[in-house]
Structures are given as structure tokens and as C-alpha cells.
Number of protein chains: 4
Amino acid sequence: MDGFQRRKALKKTKILKAALDLFKAHGVQKVSVAEIANKANVSQVTIYNYFESKDKLMEETIIYYVDQAWLEAEELLSSDVSFPEKIKLLIFNKKEAASNIHEDFYLYFMKEYSNGSSYIEEFYEKKAIPKMVELFNEGRKKGFVDPEISNEAIMFYIYMIKEYMQREDVYDKILPYTEDITKLLFYGIAGDRKK
Amino acid sequence: MDGFQRRKALKKTKILKAALDLFKAHGVQKVSVAEIANKANVSQVTIYNYFESKDKLMEETIIYYVDQAWLEAEELLSSDVSFPEKIKLLIFNKKEAASNIHEDFYLYFMKEYSNGSSYIEEFYEKKAIPKMVELFNEGRKKGFVDPEISNEAIMFYIYMIKEYMQREDVYDKILPYTEDITKLLFYGIAGDRKK
Amino acid sequence: MDGFQRRKALKKTKILKAALDLFKAHGVQKVSVAEIANKANVSQVTIYNYFESKDKLMEETIIYYVDQAWLEAEELLSSDVSFPEKIKLLIFNKKEAASNIHEDFYLYFMKEYSNGSSYIEEFYEKKAIPKMVELFNEGRKKGFVDPEISNEAIMFYIYMIKEYMQREDVYDKILPYTEDITKLLFYGIAGDRKK
Amino acid sequence: MDGFQRRKALKKTKILKAALDLFKAHGVQKVSVAEIANKANVSQVTIYNYFESKDKLMEETIIYYVDQAWLEAEELLSSDVSFPEKIKLLIFNKKEAASNIHEDFYLYFMKEYSNGSSYIEEFYEKKAIPKMVELFNEGRKKGFVDPEISNEAIMFYIYMIKEYMQREDVYDKILPYTEDITKLLFYGIAGDRKK
DNA sequence: TATGAATGAGCATTCATTCAT
DNA sequence: TATGAATGAATGCTCATTCAT
């Protein structure tokens with residue numbers, strides 16, 4: 001990558017960062033291209049030169065965000081803590097890049113995901129899901145996970161909780177019940193019947 | 001209620017219905033007052049006469065929606081099926097008014113709820129929560145519910161799943177895992193360890 | 001005037017009063033027909049039944065106002081005070097119906113006057129001007145008024161000052177200079193050179 | 001000022017000119033931003049880019065107008081004519097930028113003035129008033145001005161007449177009485193009693 | 001006669017996008 | 001490449017006026 005391209009990439013990142021910050025804070029719909037340009041200290045047209053349209057910018061912002069978030073998640077998954085702890089951190093760890101996402105942005109993110117936008121789709125298929133499956137298998141080996149439950153269902157479950165926790169209005173309300181939620185995740189509403 | 005008022009109420013309902021349909025389908029922000037007026041076959045101004053502003057219209061639309069949804073939920077809760085079946089239906093019953101809500105509308109709904117808008121808040125406090133608590137207590141009596149888990153946590157859990165299922169992009173994907181999800185809800189990822 | 005007509009007249013007056021109050025307070029342009037209807041406790045349509053249009057309502061409101069103001073002015077002019085005192089009161093007497101008129105209303109009033117709307121025109125010609133001329137002649141007889149100055153010019157002068165004083169933004173600022181203004185009116189910027 | 005800025009300033013002036021013309025002719029409230037845009041041959045949005053809002057545009061238009069009017073007034077005041085002639089010209093000189101202002105615009109102008117909008121306020125304090133005081137002092141030295149009358153009162157008087165003359169409906173009617181008005185200004189309704 | 005309901009036309013303002021340099 | 005300037009289209013909202021009872 002020569003100087004030109006490096007500078008170009010830098011500027012792109014600057015724009016993506018600005019966009020991500022604003023999208024996270026106020027949602028996609030409420031943020032105008034002008035605001036992003038302003039925050040990134042570039043002209044609106046520069047944004048169009050790099051990203052074609054607000055829609056495309058949003059797509060790339062999501063990709064940028066996914067990449068960042070994945071770095072954090074991967075670190076956690078590869079770390080040396082017990083299975084239950086991993087699960088708990090995965091769900092409640094507020095440090096993650098995702099923290100305090102404006103719901104509106106999350107929606108766009110999820111839509112992107114389910115729309116089959118190749119990058120996100122591939123990211124899940126090639127990176128996120130395998131790593132999670134690996135985690136569950138580890139959990140099964142250690143007796144934490146019911147062998148009869150499909151990985152898909154568990155994943156759905158975990159993403160669901162995680163996502164729910166991201167919501168501004170939910171997190172604080174639910175924090176006091178962290179223990180209960182964890183218990184529910186592991187043993188369901190019927191409780192640990194072995195005890 | 002005389003003829004005048006009846007007609008007024010009818011028109012109001014017509015507008016609310018149109019608004020609800022459109023909000024559900026495309027979200028609040030993407031639907032213009034003009035579109036609602038069009039769909040309801042009234043003039044924009046009539047909407048303003050009845051509802052003051054788009055914001056207020058949205059509030060009333062949410063109330064209208066909650067009322068409708070509650071009718072269905074209450075029927076289910078009062079019906080003569082077993083506890084597990086009730087829970088399952090509560091979560092997966094697609095017949096409910098809520099079906100296929102555009103996420104954006106849901107966001108507004110939840111914001112309304114957490115903002116302490118009196119009607120919704122009161123609705124939960126006075127109607128929804130008591131009925132749910134009653135359900136859980138019944139479940140506990142019959143041994144389906146861990147006595148150590150708080151009602152709040154369970155409710156959070158159920159609403160979370162329910163809400164998640166409402167999402168256009170999720171429902172179809174998750175349907176095949178209905179059984180697994182139900183199991184997870186009841187026994188968690190550890191599975192029914194009593195078996 | 002039978003009961004019907006009396007009630008009709010009463011309602012008309014009620015509307016005119018409401019309109020006048022609002023016009024005075026906020027100007028003609030900022031007051032909507034709905035507000036007038038509201039303040040007068042009648043329906044908008046009733047206003048249209050009586051006055052045809054907002055424009056016509058305004059015309060009649062002005063007439064109503066002129067009639068009221070004239071009553072006060074006439075009383076003053078017919079009273080038993082000296083010529084200079086009369087002039088002074090005429091100009092500075094804040095009690096008059098006109099007090100604290102929103103400028104915007106005054107504009108409409110003056111436009112009406114200069115447009116040759118028959119009533120106002122006639123009012124001036126038949127009532128106001130003759131009375132003023134009478135006053136000036138009395139003033140001339142007593143040596144207060146230069147015989148060489150035309151009545152028209154004096155009238156213009158007095159109306160001008162009076163009108164200027166009506167303006168919200170002017171009255172308070174100018175009050176401290178009341179004496180100076182009066183002197184200027186009587187002796188001009190050159191001052192009383194006889195002294 | 002480079003080419004960019006020059007063109008920008010030019011366009012701004014073009015808009016201000018259009019706005020001033022329209023405001024003068026029909027008043028502020030009756031003129032829509034669209035009309036101004038049309039007359040200035042720019043898009044509405046351009047106006048918003050330059051002036052933020054209709055209100056701000058109006059403020060700047062007033063400033064623009066004051067500046068223009070002052071240029072003419074200053075020239076007159078610095079010219080080599082007698083004191084009485086200066087006063088007369090000041091009042092009756094129709095050439096001035098102010099000519100035939102719609103009253104509504106004048107209201108906004110005066111409101112601006114009395115609201116303490118810094119520019120106009122400062123303009124009066126630093127420029128207009130000192131120059132006028134200078135004029136009066138000159139008049140006093142030459143025996144045209146009563147030493148006992150305050151500058152404030154005289155200024156009030158002159159502005160009042162000037163303003164009154166600006167009004168569309170007044171000027172033509174009053175023109176025949178120019179001489180009388182001037183006499184009244186100098187000697188009051190009592191007349192020049194020295195004669 | 002009186003009125004609640006309804007409306008077409010208009011307004012200030014915002015925004016994603018393109019033009020011209 | 002980068003940008004200041006410009007814009008068409010749309011939006012929420014208001015108002016004087018008319019309809020229908």
C-alpha cells in the first residue's frame with residue numbers, strides 16, 4: 001500500500017469512525033450525511049466519493065463495526081476462563097464495541113445480517129458461528145451443555161439475550177437480575193433439578 | 001354515545017388502524033402523515049384535528065395496539081391449557097396482533113414503555129404483570145417453575161423471547177427450532193438433568 | 001329590535017370583542033379564526049355566518065374599535081379643560097381604548113382608513129375632523145394656535161404623535177420626555193421665542 | 001477576498017436585495033421564502049445555507065437596509081446646506097433607501113431595534129445618535145434650536161415624523177403640507193411668535 | 001340558525017445528492 | 001482528489017374556508 005492509498009484508507013477510516021459514533025449515539029435515520037461530514041472533518045462530497053451513497057456508507061460502517069466487535073469477542077473466546085464464565089461475559093460484558101448502541105443502528109445491523117449481505121453473512125458463517133460451535137462443544141464435553149439441544153438454538157438464544165442487553169432502555173433495568181438471568185440461561189425456568 | 005360521537009370514534013379508529021398497519025409494515029419514521037391520511041381516506045388535517053401531531057398519533061396508535069394485543073393475550077392466559085402449553089403459545093402464537101411488527105415501531109413502543117408514559121406503564125403494572133405473576137405462581141405450584149427464580153427475571157426472559165420472535169427477520173429462521181427454544185426456556189442449556 | 005335580533009347583535013358583539021382583544025394583543029396576522037371562535041365561545045362557522053370572511057371580520061372589528069375609541073375621545077373633547085390640556089390628554093391619555101394596541105392591528109386600521117372604506121372615511125369626515133377643527137379654532141381664538149397653519153397639518157401632527165405613542169416599544173421610552181414633547185408640539189424645536 | 005468569497009458575498013447580496021424589495025413591498029409575513037428564492041434566482045435551500053432561517057434572514061435584511069440608509073443619511077448630514085434645510089431634507093427626502101417601506105417591515109425593524117439586537121442598537125448609539133447630536137448642537141449654536149429641549153426629545157420627534165412619512169398611505173397625502181409640517185416642527189402649533 | 005367535521009393550499013424547513021471548480 | 005455551493009423533493013404542520021347535519 002503506497003502513501004496515496006494509505007492516506008485514502010486513513011480518511012475512509014476517519015469517516016467510518018465518525019459515522020459509527022453518530023449512528024451508535026443517535027441511530028441511522030437521525031444522522032444526516034452533513035453531520036457525519038462535519039464530525040469527520042471532510043466535505044459531504046468526499047463521503048460520496050468514497051461511499052457512493054448513505055446506504056452504502058451504512059453498510060460499510062456495519063462491516064467496520066463487526067470487525068471491531070469481533071476482535072474483542074475473539075479475545076474473550078480464546079481466553080482461559082471456564083465455560084460458564086465465558087458465556088456470562090459474552091452476554092454481560094459491556095466493554096464490547098457494541099456497548100450502548102442506539103437500537104436503530106442495531107436494527108440496520110440485523111437487517112444487513114438477514115439480508116444476506118455477503119460480508120456479514122460470510123463473517124458469521126466463517127468466523128462467528130464456528131467459534132461459537134467450538135465453544136458449545138467444549139461446553140458439552142464438560143457437561144455444561146445438553147447434548148440434545150442444537151447449536152443453532154443455543155446460538156439464537158445467546159444472541160437474543162446479548163442483543164436485548166444492548167438496548168439502552170433494558171440494560172440498567174436488568175442488571176440487578178444478572179444472576180437470575182444466568183441461571184435461567186443454564187437451567188431454564190424449571191431450575192437445576194439435579195440439586 | 002350518540003351518532004356524532006360514534007362516527008367520530010369510528011373515524012378515529014379508522015385512522016389508528018391505518019397508522020398501525022403502516023407503522024407495523026414500514027416503521028414510524030418512514031411513514032408520512034400524508035400516507036396515513038391517504039390510507040385512512042381522510043385529509044391530513046383531519047388527522048391533526050384528532051391527534052394534534054404525528055407524535056401524539058403514534059402514542060395513541062401504540063395504546064390502540066396494546067389494547068388489541070392484550071385482548072388476545074388475556075384470552076390465552078384465561079384458557080384451559082397446561083402451564084407449559086401456555087408459555088409456548090404465549091411466545092410462539094403468531095396470531096397475535098403483534099405479528100410481524102416492523103422493528104422501528106417496536107422501538108417506539110418500548111421507548112414509550114420505558115419513558116413512563118402513564119398508560120403503558122399502568123397497563124403493565126395493573127394488567128399484564130399481575131396476570132403473568134399469577135401464571136408463574138400457578139406454574140410453581142405445579143412444579144414447572146423454580147421457586148428460587150424471581151418473577152421479574154422470568155418475565156424479562158419471556159418478553160425478550162417474545163419480542164425477538166416478533167422481528168420480521170427472525171421468526172421464520174427460528175421456527176424450525178421451536179422445540180429446542182422451548183426446551184431451553186424450561187431447562188436451559190444444561191438440559192433437563194433429572195431425566 | 002325583537003328578541004331574535006337582539007340575541008344576534010349580542011353574539012356579534014361577543015365575537016367582535018374577542019376579535020378586538022386578540023388583534024390588539026397579537027396583531028391581525030397572528031390570530032387565527034379558530035382562536036377568535038374559541039375566545040368568543042362560538043364555532044368558526046358562526047363567525048363566517050356573521051362576517052363572511054376574516055377580512056370582513058377585521059373591517060367590522062375596526063369599526064367597532066373606532067366607535068369605542070370615539071366615545072372616549074368625544075368625552076374628552078367636550079369636557080371643560082383648557083386647550084393645551086386637551087391636546088396633551090389627547091396625545092398621552094393612555095386610558096383610551098386604543099391603549100397598547102399591537103402595531104400590526106394599527107396598520108390594518110390605518111390601511112382601512114386610507115383605503116377609503118366608506119365607514120371609517122365618513123367617520124373621520126363627519127365626526128372626528130369637524131370636532132378637531134372646532135378644537136383648533138377654539139385654540140386659535142385663545143391664541144394657542146398659529147392662524148397661518150392649516151388644520152390638516154395640525155391634525156396630521158397630532159395623529160402622528162398619538163399613533164407613535166401607541167406603539168408598545170415607544171411609549172415607555174418616551175414617557176420621561178412628556179414635557180419636552182408637549183413643548184415641541186406647541187413651540188417647535190426653536191422654542192417659545194416670546195419668552 | 002478571493003473569487004470564492006466574492007461570489008459568495010455577491011450571492012448573499014443578491015438574496016438580501018430580493019428579500020429587502022419584497023419585504024418593503026409586501027411586509028415580512030406575507031413574503032414566503034420561496035418567493036425570495038424565486039426573485040433572487042436561487043433555490044430555497046441556498047437561502048437556508050446562507051441565513052439559517054427566515055428570521056435570521058430578516059435580521060440580516062434589516063442590517064443591510066440600515067447600512068444602505070445610513071450611507072445616504074450621512075452624506076446629507078455632512079453636506080454643506082443650512083441647518084433648517086438639513087432637517088427638512090432629512091425628513092422629506094424621498095430618495096432614501098427607506099422609501100415606501102411596507103409598514104409590516106418597519107415593525108420588524110423597530111422590534112429589532114428595541115429588542116437590543118446588538119448591531120442595530122450599536123449602530124444607533126455609535127453612529128446615528130452622535131451624528132444627530134452634532135447636528136442639533138450646530139443648530140443650537142446658530143439659534144435654530146431651543147437650548148432647553150433635550151436632544152432625546154428632538155430626535156424622537158424627527159424619527160417619528162420621518163417614520164410616519166415612510167408609510168405608503170401617508171406620504172402622498174401629506175406632501176402638500178410640507179411647508180406647514182416644517183413650520184410645525186420648528187415653531188410648533190403656536191407659531192413663530194417672534195415675528 | 002349553529003356547529004363539528006373536513007379540507008386544499010400553503011408554509012418553513014430538512015435532506016440526500018449533484019454540480020462546478 | 002477534494003470541496004463549497006446548489007438543489008429537487010419531501011415532511012410535518014397551519015389556516016381560512018366549506019360541507020353536512
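Across all strands shown, C/Tyr50 has heavy atoms under 4.0 Å from sugar-phosphate atoms exclusively, and none from any base. Residue contacts shown for C/Lys11 are limited to sugar-phosphate atoms, with no base heavy atom under 4.0 Å away.
Counting non-hydrogen atoms of other residues, nucleotides and ligands closer than 6.0 Å to NZ of C/Lys56 gives a total of 12 or fewer. The local environment of NZ in C/Lys8 is sparse, with at most 12 non-hydrogen atoms from other residues, nucleotides or ligands closer than 6.0 Å. Counted within 6.0 Å of NZ on B/Lys17, heavy atoms from surrounding residues, nucleotides or ligands total 12 or fewer; the atom is thus considered open.
With contacts defined as side-chain heavy-atom distances shorter than 4.5 Å, the pair B/Tyr50/B/Val42 does not qualify.
Using modelled atom types, one side-chain atom of B/Thr13 and one backbone atom of B/Ala9 make a donor-acceptor pair closer than 3.5 Å. Of the possible donor and acceptor atoms, none in the side chain of C/Glu122 sits under 3.5 Å from a partner among the backbone N and O of C/Tyr119.
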ask   = Stepwise, does the side-chain contact (heavy atoms from CB on, under 4.5 Å) test hold for C/Leu57 with C/Ile15?
value = CA-CA 9 Å; C/Leu57 166 60; C/Ile15 294 172; 4.2 Å; yes
inquiry  = Show, in sequence, the C-alpha distance, side-chain angles and deciding distance for C/Leu20 and C/Lys24, and conclude whether the side-chain contact (heavy atoms from CB on, under 4.5 Å) test is met.
reply    = CA-CA 6 Å; C/Leu20 184 55; C/Lys24 273 194 198 174; 3.9 Å; yes
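Rounded to an integer number of Å, the gap from CE of D/Met58 to P of E/dC11 is 18 Å. As rounded to whole Å, 12 Å separates atom P of E/dC11 from atom CG of D/Asn38. What separates NZ of C/Lys56 from P of F/dT17 is a distance of 10 Å, to the nearest Å. In this structure, CG of D/Asn41 is placed 12 Å from P of F/dA6, rounded to the nearest angstrom. In this entry the distance linking CD1 of A/Ile47 with P of E/dC19 reads 18 Å, nearest Å. Note: CG (A/Asn49) to P (E/dT21) measures 17 Å, nearest angstrom.
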query = Which letter, B, S or -, goes with each nucleotide of nucleotides 9-16 of chain F from 5' to 3', with contact meaning a protein heavy atom under 4.0 Å?
reply = --SSBBBS
request  = Could you summarise the pairing of DNA chain E as dot-bracket text, marking Watson-Crick and G-U pairs under 3.5 Å with ( ) or [ ] inside the strand and | across strands?
outcome  = .||||||||||||||||||||
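The stretch residues 13-22 of chain B does not touch DNA chain E, since none of its heavy atoms comes less than 4.0 Å from the strand.
Residues B/Lys30 and A/Gln29 share a closest heavy-atom pair of CE-OE1, 4.0 Å. In terms of heavy atoms, D/Val33 sits closest to D/Ile47 at O-CD1, 3.9 Å.
Side chains of A/Tyr108 and A/Asp55: a donor-acceptor N/O pair is absent below 3.5 angstrom, by distance only.
When the side-chain nitrogen and oxygen atoms of C/Thr46 are compared with OP1 and OP2 of E/dT3, one or more of them lie within a distance under 4.0 Å.
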